[in-house]
Amino acid sequence: MSSNTDVRLTSGQRLARGLKYSVVGPADLTRGALGVGLSSALSSASWLGSRLRKEDVVPEPRRRKPLLWIVIGAVVLVGGGAAFAIVRRSTRPEPSALPPSVEVAPKP
């Protein structure tokens, strides 16, 4: 029998697994989203670098693509929401199974 602990997940696989196990995997979801965002940013930087190396003339000014900013904003919001949920869940006290030691509604 082979062990699955030696297999490293790609960012896309980690994101898919995090979404599948959203109750138990917020850390995988965050890590996967950050990995996908980082890999796409690196890919874009690589593409831009190769494109700039190919051009010998000064390119004309281009409009910034709003879709790129929307995607970056969505990644930041998803990551922030997941981090907020993790921090909020970890700071919430556990409810006590014992009855209260004092009366909740004192009698007049």
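- Atom CD1 of Ile72 sits about 12.0 Å away from atom CG of Leu77, to the nearest 0.5 Å.
- Distance check: Arg8 CZ to Arg14 CZ gives 7.0 Å after rounding to the nearest 0.5 Å.
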Got a list of side-chain donor-acceptor pairs under 3.5 Å for residues 34-42, not counting sequence neighbours?
from  : atom 1 : to    : atom 2 : distance (Å)
Ser39 : OG     : Gly35 : O      : 3.1
Ser39 : OG     : Val36 : O      : 3.0
Ser40 : OG     : Val36 : O      : 3.3
Ser40 : OG     : Gly37 : O      : 2.9

(Q) Let's go through Phe84 and Val87 carefully: what are the C-alpha distance in whole Å and the side-chain angles of both, what is the deciding distance for side chain to side chain contact (heavy atoms under 4.5 Å, CB included) to 0.1 Å, and is it a yes or a no? (A) CA-CA 5 Å; Phe84 176 78; Val87 169; 6.0 Å; no
